[in-house]
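Note sheet for the following structure.
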Amino acid sequence: MNTQAPLSITMHPADNVAIVANDGGLPAGAVLPGGLVLLDRVPQAHKVALVDIPEGGAVRRYNVVIGYALRTIPAGSWVHERLLRMPDARALDGLPIATIRPAPQEPLAGYTFEGYRNADGSVGTRNILAITQTVQCVAGVTAFAVQRIKAELLPRYPHVDDVVALEHGYGCGVAIDAPDAAVPIRTLRNISLNPNFGGELMVVSLGCEKLQPERLLPPGSIPLVDERNVADVGASADSVLDVVCLQDEAHVGFMSMVESILRQAEAHLARLNARRRETVPASALVVGVQCGGSDAFSGVTANPAVGFCADLLVRAGATVMFSEVTEVRDGIDQLTARAATPEVAQALIDQMAWYDAYLARGRVDRSANTTPGNKKGGLSNIVEKAMGSIVKSGSAPISGVVAPGERAARKGLLYAATPASDFICGTLQLAAGMNLHVFTTGRGTPYGLAACPVIKVATRSDLARRWHDLMDVNAGRIADGEASIEDVGWELFHLMLDVASGRRKTWAEQWKLHNQLVLFNPAPVT
């Protein structure tokens, strides 16, 4: 039985709804601070009407209209998605363009972490051997080889953190030459160059696939090759890729293929093992932020704390990427207003226009984004979800837009255009150069990435208690009144430095929870 006094949270003085904060929700008859009596049982994180809302009246949260009442909603009633008509999406013309000019924040100096410097100037937070695959056909052989590498070779190289196979479902068929095929190809290319892989490029190819190694990693796309690399992997000067081709006539039988992969992997492991962590400034962090399994607390606790931390990182000179086109579309006016330049604003608009066209082609609307779990967690529609999603970007100007599959080329707060799907977003942020990931969740998800540490932030204390060995930070303490947004933001900032330095392992790392990479192909299927 919940003995906690009734608690509710209002996001803005102009709001006419609040969310119930109590674990387990509140029963009809409960009296909120201020004297409002609940007419219905209201689950945790769901909305209660603070005043009578007439039929057709606007329902406001975050001082944004998140819906219109389909019938009169008396004060004290449970306000849920079945009572609301979703507003139309904001048009992509007539938007505020680079109108918000925040006062410059004082630089945050003196913060460092222990990372691995790479020849291209990037810094890894982990020291991992990645084996790139050109096509799904080789996945089984590579997975078998990786198991043997981990069991037989990795113990000899204690300074190498892991070996991962970059498995994907792409590489051959008609789609490889379809419009926009450049997106999945450059995604896989740039993931192979992620800072956590130390510039060691190893490729397993079948031989007959359309995505040939030289198409995936053409000359000029590999910034980390030198004469030592060429000599060590036995490649020619005009073909610096270390490729194991399974259809090569030298391979006689399955084990011959596996032994070839092991033999080549050992040269890479030896070089990675010679690397050591060194002190680098916090500006070397490239942090991707994302939310999944969101609830109505996401925009109250975890995402605002992440947003505060994002501002700290930007002040420290780091790169922060927020994403999820499908979730921020309804806040496009907020984003274009925060754009550092009109060109950045236009790039944001272009990404949203692509999404609108995608929905039109499929004859669906944006309401499909909100999942059953989101709704169970109190999010009525994508407008409400968008408001809570955007706050994890903090308040800094948006200094650039990273198109899908491209690598981030500047510091500060960036918008990395990705779908909202957790593993596709994570894949694209890895391609952009992410070396540390922050993931907030309200309903809970065991999401993780093999290539990058993932710090999980719970929006609710109930989730943090139940999933105590999956959540790294409990932002639910904000709703409980035990900590402020700033407290949790600073806690997360210091945790990032510890995780980036290898002093702490996240729960996802400890349990080795790894989602598969999924390459985003924006071309329509016809």
Side-chain angles (χ1 to χ4, degrees), residues 115-135 138-139 141-168 188-206 213-214 216-219 221-246 248 250-251 255-278 430-431 433 435 449-452 502 514 517:
Y116 294 96
R117 289 190 183 273
N118 296 318
D120 67 347
S122 66
V123 174
T125 63
R126 294 295 182 266
N127 194 30
I128 297 171
L129 172 61
I131 301 178
T132 299
Q133 299 171 80
T134 56
V135 68
V138 305
V141 177
T142 309
F144 187 93
V146 166
Q147 289 179 356
R148 284 193 54 186
I149 293 169
K150 289 184 176 183
E152 300 170 26
L153 300 183
L154 199 56
R156 301 184 212 162
Y157 301 100
H159 298 290
V160 181
D161 293 311
D162 203 358
V163 179
V164 301
L166 302 183
E167 181 186 351
H168 57 90
L188 183 57
R189 176 186 305 137
N190 284 326
I191 288 176
S192 302
L193 301 172
N194 184 276
N196 289 346
F197 301 151
E200 294 294 330
L201 283 168
M202 178 176 172
V203 181
V204 176
S205 163
L206 182 61
E214 59 270 19
L216 174 62
L217 291 154
S221 70
I222 309 169
L224 305 184
V225 172
D226 57 28
E227 292 180 359
R228 181 207 60 189
N229 294 57
V230 173
D232 286 354
V233 302
S236 64
D238 60 351
S239 177
V240 296
L241 282 182
D242 178 16
V243 180
V244 176
C245 178
L246 301 188
D248 193 306
H251 293 136
M255 280 303 172
S256 173
M257 302 174 189
V258 173
E259 292 295 338
S260 183
I261 294 172
L262 265 66
R263 188 166 51 251
Q264 297 300 88
E266 191 152 19
H268 296 282
L269 289 170
R271 287 196 295 273
L272 287 170
N273 195 61
R275 288 154 52 89
R276 296 293 184 272
R277 291 185 182 273
E278 54 186 289
L430 285 173
N435 58 17
L449 295 170
C452 179
H514 302 152
L517 301 178

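Throughout, residue positions are numbered sequentially from 1 according to the sequence presented.
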With a 4.5 Å limit on heavy-atom distance, are the side chains of [X] and [Y] in contact?
{"X": "Y116", "Y": "L272", "value": "no"}
{"X": "I128", "Y": "E200", "value": "no"}
{"X": "N190", "Y": "L193", "value": "yes"}
{"X": "F197", "Y": "M202", "value": "no"}
{"X": "N273", "Y": "P158", "value": "yes"}
{"X": "V163", "Y": "L269", "value": "yes"}
{"X": "V204", "Y": "L246", "value": "yes"}

With [X] via salt bridge (charged side-chain N to carboxylate O under 4.0 Å, His left out) - residues at least two apart:
{"X": "R117", "answer": "E278"}
{"X": "R156", "answer": "E266"}
{"X": "E214", "answer": "none"}

Closest contact, heavy atoms only, [X] versus [Y]:
{"X": "L241", "Y": "P213", "value": "CD1-O, 3.5 Å"}
{"X": "G124", "Y": "N118", "value": "N-ND2, 3.8 Å"}
{"X": "D242", "Y": "Q264", "value": "OD1-NE2, 2.6 Å"}

Please evaluate residues R276 and H159 with respect to the criterion side-chain hydrogen bond (donor to acceptor under 3.5 Å, both in side chains), reporting the C-alpha separation (whole Å), side-chain torsions for both, the decisive distance (0.1 Å), and the verdict. CA-CA 8 Å; R276 296 293 184 272; H159 298 290; 3.1 Å; yes
Let me confirm one number: the [atom1]-[atom2] distance from [X] to [Y], rounded to the nearest 0.5 Å.
{"X": "R275", "Y": "N127", "atom1": "CZ", "atom2": "CG", "answer": "4.5 Å"}
{"X": "S205", "Y": "L216", "atom1": "OG", "atom2": "CG", "answer": "10.0 Å"}
{"X": "L188", "Y": "T132", "atom1": "CG", "atom2": "OG1", "answer": "6.0 Å"}
{"X": "I191", "Y": "R189", "atom1": "CD1", "atom2": "CZ", "answer": "12.0 Å"}
{"X": "R148", "Y": "M255", "atom1": "CZ", "atom2": "CE", "answer": "5.5 Å"}

Under the side-chain hydrogen bond (donor to acceptor under 3.5 Å, both in side chains) test, residues paired with D161 that sit two or more places apart: none
With H251 via side chain to side chain contact (heavy atoms under 4.5 Å, CB included) - residues at least two apart: V244, D248, S256, M257, S260
Return the set of residues passing side chain to side chain contact (heavy atoms under 4.5 Å, CB included) with N196 (not counting sequence neighbours), or none when no residue passes. T125, R126, N194, N435, C452, P453
Before you tell me yes or no, could you show the steps for L430 and L517 under side-chain contact (heavy atoms from CB on, under 4.5 Å), namely the whole-Å CA-CA distance, both residues' side-chain angles and the distance that decides it to 0.1 Å? CA-CA 10 Å; L430 285 173; L517 301 178; 3.9 Å; yes
Among I149, V203, L201, V138, which residue meets the side chain to side chain contact (heavy atoms under 4.5 Å, CB included) test with I131? I149
